[in-house]
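Notes follow the structure.
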Amino acid sequence: MSRSLRRGALAATAVVFSIASLAACGAGQDAQTLQIKPDNAAAAKGDIEVQNALVITQGQKGEKGPAVVSATVFNNGTKAQTLDGITLPGGKGKVALKPAEGSGKVTVPALGYVVIGGKGNASAVIEDGAATVRDGEVQKVLFQLSSTGGIELEAFVVPATGAFAPFGPTAAPAPAASPSGTPSGTPSGSPSAGATGAAAGATPSGSATGTPSGSPSHSAGH
């Protein structure tokens, strides 16, 4: 169940910059030295800590399309874990989770972290985001880890504008226009074939070429 956003835009913007700085660092460094404690959605359980959690919708108000979950997941343990899923409690929307490269589950390395959202990172897409979440609310999000289990927190819901744009949902590709194929095939094939055949087998062309060229040549021989 969501409630109205209670914190200012400045706090939310700080979240994005902290995500960006983490994304630029290598995951092999000690996760404990990289943690930032922002005034935003964060939760911890066992060796796992989730920070900078956001739900980012389409950039324009009322625009239909997917939304995404953006967060940084830290692993302070000496054993890698997999992020088996991200869900919105209450049966709201399906979240498709994908690693940064290849297929399979998202791995959170030992003493490392993984960034979800943004170019080159893992992604968590809420397929029917427009009907599931609304800007200005706080949405419960559940992160399911292989060993730690579920970690639930409340994330700000913001549009993909300004500083949030690089972490927002990718626009759906425009559908291919079907009429473009039809006109180009028919006119170019038919007239071209008909015109070539007529010119090649035309009688006037044969008469004019054969008769005049034959007569002068024969006279010259005498």
Side-chain angles (χ1 to χ4, degrees), residues 12 15-32 34-36 38 40-59 65-77 79-89 92-129 132-133 139-160 163-173:
V15 174
V16 173
F17 289 119
S18 60
I19 293 175
S21 62
L22 286 172
C25 300
Q29 300 179 35
D30 186 353
Q32 290 181 335
L34 294 171
Q35 291 185 23
I36 299 173
N40 72 89
K45 183 179 178 182
D47 293 328
I48 300 296
E49 183 168 357
V50 181
Q51 289 190 11
N52 304 323
L54 291 169
V55 174
I56 307 177
T57 64
Q58 296 290 323
V68 296
V69 176
S70 180
T72 305
V73 183
F74 292 92
N75 182 359
N76 297 315
K79 228 173 155 183
Q81 291 195 45
T82 57
L83 181 57
D84 294 339
I86 296 177
T87 57
L88 306 182
K92 285 188 172 184
K94 182 180 177 184
V95 182
L97 185 61
K98 292 183 181 179
E101 295 180 354
S103 57
K105 294 181 178 179
V106 175
T107 300
V108 188
L111 298 176
Y113 63 91
V114 64
V115 177
I116 301 168
K119 188 176 180 180
N121 299 320
S123 64
V125 179
I126 306 170
E127 295 177 1
D128 193 9
T132 304
V133 294
Q139 173 65 53
K140 287 185 178 180
V141 182
L142 178 66
F143 292 77
Q144 192 69 39
L145 281 299
S146 55
S147 298
T148 302
I151 302 177
E152 186 177 84
L153 48 74
E154 293 183 329
F156 294 108
V157 181
V158 296
F164 301 112
F167 300 93
T170 304

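For reference, positions follow the sequence shown, starting with 1. The shown structure was predicted, so the numbers you read here are calculated from the model rather than taken from an experiment.
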### Summary
Correct closest heavy-atom pair for Ser70 and Gly117 would be OG-CA, 4.2 Å
### Query
For the atom pair CD (Gln51) and CG (Leu153), what is the distance rounded to the nearest 0.5 Å?
10.5 Å
### Message
Keeping Gln58 on the side-chain end and Pro66 on the backbone end, is there a donor-acceptor pair under 3.5 Å?
### Response
yes
### Contact check, side chains of Pro169 and Ile56, non-hydrogen atoms, under 4.5 Å
yes
### Query
OG1/Thr72 to CD/Glu49 distance, rounded to the nearest 0.5 angstrom?
10.5 Å
### Query
Any side-chain heavy atom of Ile48 within less than 4.5 Å of one from Phe143?
no
### Task
Evaluate the criterion side-chain contact (heavy atoms from CB on, under 4.5 Å) for residue pair Leu83 and Ile116; output intermediate values, then yes/no.
CA-CA 11 Å; Leu83 181 57; Ile116 301 168; 3.5 Å; yes
### Query
With a 4.5 Å limit on heavy-atom distance, are the side chains of Ile126 and Val69 in contact?
yes
### Message
Please find the pair of heavy atoms, one from Ile151 and one from Ala43, that lie closest to each other, and give the distance.
### Response
CG2-CB, 3.7 Å
#### Entry: Those residues that, when tested against Thr148, pass side chain to side chain donor-acceptor pair (under 3.5 Å) (two or more places apart)
Gln81
### Message
Donor-acceptor check, side chain of Asn75 to backbone of Lys79, threshold 3.5 angstrom: yes or no?
### Response
yes
#### Entry: Shortest non-hydrogen separation from Pro159 to Gly59 and the atoms involved
CB-O, 4.2 Å
### Task
Check whether any side-chain heavy atom of Leu54 sits under 4.5 Å from a side-chain heavy atom of Phe164, and report yes or no.
yes
### Task
Mind listing the closest non-hydrogen atom pair of Pro99 and Lys105 along with its distance?
CB-O, 4.2 Å
### Message
Tell me the closest heavy-atom pair linking Ala53 and Ala155, and the distance in Å.
### Response
O-CB, 3.6 Å
### Summary
Per side chain to side chain contact (heavy atoms under 4.5 Å, CB included), Val95 is matched among Val68, Leu88, Val141 by Leu88
### Query
Going from OG1 on Thr82 to CD on Gln144, what distance comes out if it is rounded to the nearest 0.5 angstrom?
10.0 Å
#### Entry: Considering all heavy atoms, the nearest Ala163-Pro166 contact
O-CD, 3.3 Å
### Approximate separation, where rounding is to 0.5 Å, of Lys98 NZ and Asn121 CG
15.0 Å
### Message
Test side-chain contact (heavy atoms from CB on, under 4.5 Å) on Val157 and Thr57; report intermediate values, then the result.
### Response
CA-CA 7 Å; Val157 181; Thr57 64; 3.8 Å; yes
